Amino acid sequence: MSKILVTGGTGYIGSHTVVELINEGFEVVIVDNLSNSNIEVLNGIEKITGIRPDFENIDCVDYVALDRMFEKYRDIEAIIHFAASKAVGESVDKPLLYYRNNLVSLINLLQLMPIHKIKNIVFSSSCTVYGQPDILPVTEEAPIKVALSPYGNTKQIGEEIIRDTINANPFYSSIILRYFNPIGAHPTAEIGELPNGVPNNLLPFVTQTAIGLRKQLQVFGNDYNTPDGSCIRDYIHVVDLAKAHVIAVRRLLDNESGKQIETFNLGTGRGLSVLEIIRSFEKVTHVKVPYKIVGRRVGDIEKVWADPAFANNILGWTASETVEETLRSAWQWEKNLAKRTKSE
């Protein structure tokens, strides 16, 4: 049974990936500094899987603490690296925070991997590396554009760091996964998206507004070159996304491709606007979401959606959940959170 280190494993995508790894028979060690997550996520993981993964409260920027962790868990065979700051708007306001958190953490891991004989790393990247693409849908061959935000730039630089490291040292193997927009929650409603403070992503803002925690949802811009004027994204169920990480880890451990580095887009291949998501949510839940149109947000891309054919064909992975089921799962998670809060 292989042991996998998941950095940022109590976060949104990380926690769902931990569940899928455990369900597939992997042992998991989570490293997280809980800066944008909650330790109680471990309870949800345990309720779903029956197993409580090992957890270390460590900031990946802390090289010494990471080194000690690797000494403690000597049988780690692969790393899935989620730990990063991820809010586009915040990155524009606090660029140095993002460059420090997102790049130093990756450099620390890459420096420590050969010391502790760990050759495999799955890197959590983003479709933001494509900027505003010239051609849609976006394939992995699309040119990397100048980043529109410091967050996007950290993902571009992170990918470059991995490539340069692999070019310099054949020891490493990596799969880079470029996510489109993860939404939804685990079907048990035991884990889901739980941002600290004001949400930066669309769907938790939708659900929090629908349940009454927020007075009104802000839609950033209705003058984009899209059918209804709002931004278009490729929204993928977080469980579908999590399953792709299990496939990627197995591929690295089995050395299936024989390649040192591979890159895959993870999306549905379908673009939906912000206003379409709001309307679909209202239709699925029969709950009205009050919103108002405000000015554009700095760093936002107008429209982007994936061509997932490469991941479909090579990994044998597809995004299978419908947007309706995905939105329904997010609403169930929000209602479950409200019940817990009332009972406390």
Side-chain angles (χ1 to χ4, degrees), residues 2 4-9 11-26 28 30 45 48-49 53 77-84 86 120-130 137-142 155 158-159 162 173-187 191-193 201 203 233-257 259 261-271 304-323 325-326 329-330:
S2 298
I4 311 300
L5 171 66
V6 180
T7 71
Y12 176 43
I13 306 171
S15 60
H16 287 82
T17 299
V18 168
V19 165
E20 297 305 317
L21 286 167
I22 292 172
N23 285 343
E24 290 296 316
F26 289 97
V28 176
I30 294 174
I45 293 171
I48 296 167
T49 65
E77 294 184 45
I79 298 167
I80 302 178
H81 182 42
F82 292 110
K86 63 174 188 175
N120 303 303
I121 184 166
V122 176
F123 180 61
S124 167
S125 191
S126 167
C127 66
T128 57
V129 301
Y130 299 116
V138 186
T139 72
E140 289 81 358
E141 303 304 314
K155 291 303 182 183
E159 290 192 13
I162 291 171
S173 292
S174 180
I175 289 179
I176 294 169
L177 299 177
R178 292 174 178 159
Y179 312 158
F180 283 68
N181 287 64
I183 59 173
H186 196 271
I191 57 173
E193 191 164 8
N201 294 337
L203 203 57
R233 297 288 183 269
D234 186 335
Y235 294 97
I236 177 175
H237 196 299
V238 66
V239 174
D240 282 335
L241 187 64
K243 288 176 179 176
H245 291 77
V246 180
I247 295 170
V249 162
R250 284 198 191 280
R251 187 172 177 83
L252 287 174
L253 292 174
D254 297 341
N255 193 26
E256 282 182 34
S257 70
K259 298 176 181 177
I261 186 165
E262 293 180 291
T263 302
F264 298 95
N265 286 344
L266 299 180
T268 67
R270 178 188 178 195
V304 63
W305 62 91
D307 180 346
F310 189 57
N312 297 162
N313 296 332
I314 303 301
L315 297 180
W317 168 89
T318 55
S320 60
E321 294 292 337
T322 66
V323 68
E325 280 303 317
T326 307
S329 71

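Worth saying up front: this structure is predicted, and the values here are computed from it rather than measured. Note: hydrogens, waters and symmetry copies are ignored here, and every other heavy atom, side chains too, is used.
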Residues forming a ring pair (Phe, Tyr, Trp, His ring centres under 6.0 Å) with [X], sequence neighbours excluded:
{"X": "H81", "result": "none"}
{"X": "F26", "result": "none"}
{"X": "Y235", "result": "none"}
{"X": "Y130", "result": "none"}

Suppose we screen for side-chain hydrogen bond (donor to acceptor under 3.5 Å, both in side chains). Which residues come up paired with [X], at least two apart in sequence or across chains?
{"X": "S320", "answer": "D240"}
{"X": "S124", "answer": "Y179"}
{"X": "S126", "answer": "T128"}
{"X": "N23", "answer": "none"}

Roughly how far apart are [X] [atom1] and [Y] [atom2], rounded to 0.5 Å?
{"X": "L177", "Y": "L266", "atom1": "CG", "atom2": "CG", "value": "5.0 Å"}
{"X": "N120", "Y": "L5", "atom1": "CG", "atom2": "CG", "value": "12.5 Å"}
{"X": "I4", "Y": "T17", "atom1": "CD1", "atom2": "OG1", "value": "11.5 Å"}
{"X": "E77", "Y": "L253", "atom1": "CD", "atom2": "CG", "value": "5.5 Å"}
{"X": "H237", "Y": "K243", "atom1": "NE2", "atom2": "NZ", "value": "9.0 Å"}
{"X": "I121", "Y": "I175", "atom1": "CD1", "atom2": "CD1", "value": "11.5 Å"}

Any idea which heavy atoms bring [X] and [Y] closest together, and the distance?
{"X": "V238", "Y": "I13", "answer": "CG2-CA, 4.1 Å"}
{"X": "A244", "Y": "W317", "answer": "CB-NE1, 3.6 Å"}
{"X": "G8", "Y": "A83", "answer": "N-CB, 3.7 Å"}
{"X": "A330", "Y": "G184", "answer": "CB-CA, 4.0 Å"}

**Prompt:** Under the salt bridge (Lys or Arg N to Asp or Glu O under 4.0 Å) test, which residues partner R251, sequence neighbours left out?
**Reply:**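 Listed in chain order: E256, E262.
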**Request:** For P137, enumerate each residue passing the side-chain contact (heavy atoms from CB on, under 4.5 Å) test, keeping only those at least two apart in sequence or located in another chain.
**Result:**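 W305, D307.
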**Request:** Applying side-chain contact (heavy atoms from CB on, under 4.5 Å), name anything that partners E159, two or more places apart in sequence or on another chain.
**Result:**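 Partners of E159 by the side-chain contact (heavy atoms from CB on, under 4.5 Å) criterion, ordered by chain and then number, come out as F123, S125, V129, R163, I176, R178.
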Test item: [X] side-chain N/O and [Y] main-chain N/O as donor-acceptor pair under 3.5 Å:
{"X": "D234", "Y": "F180", "answer": "no"}
{"X": "N265", "Y": "P308", "answer": "no"}
{"X": "Y12", "Y": "I183", "answer": "yes"}

**Item:** Derivation and outcome, side-chain hydrogen bond (donor to acceptor under 3.5 Å, both in side chains), residues N312 and T318
**Value:** CA-CA 5 Å; N312 297 162; T318 55; 5.5 Å; no
**salt bridge (charged side-chain N to carboxylate O under 4.0 Å, His left out): pairs with one or both residues in residues 11-25, sequence neighbours excluded** =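 Salt bridge (charged side-chain N to carboxylate O under 4.0 Å, His left out) check on residues 11-25 returns E24-R250.
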**Asked** Which is it for H245 and L21 under the side-chain contact (heavy atoms from CB on, under 4.5 Å) test, yes or no, and what are the steps along the way?
**Response** CA-CA 8 Å; H245 291 77; L21 286 167; over 6 Å; no
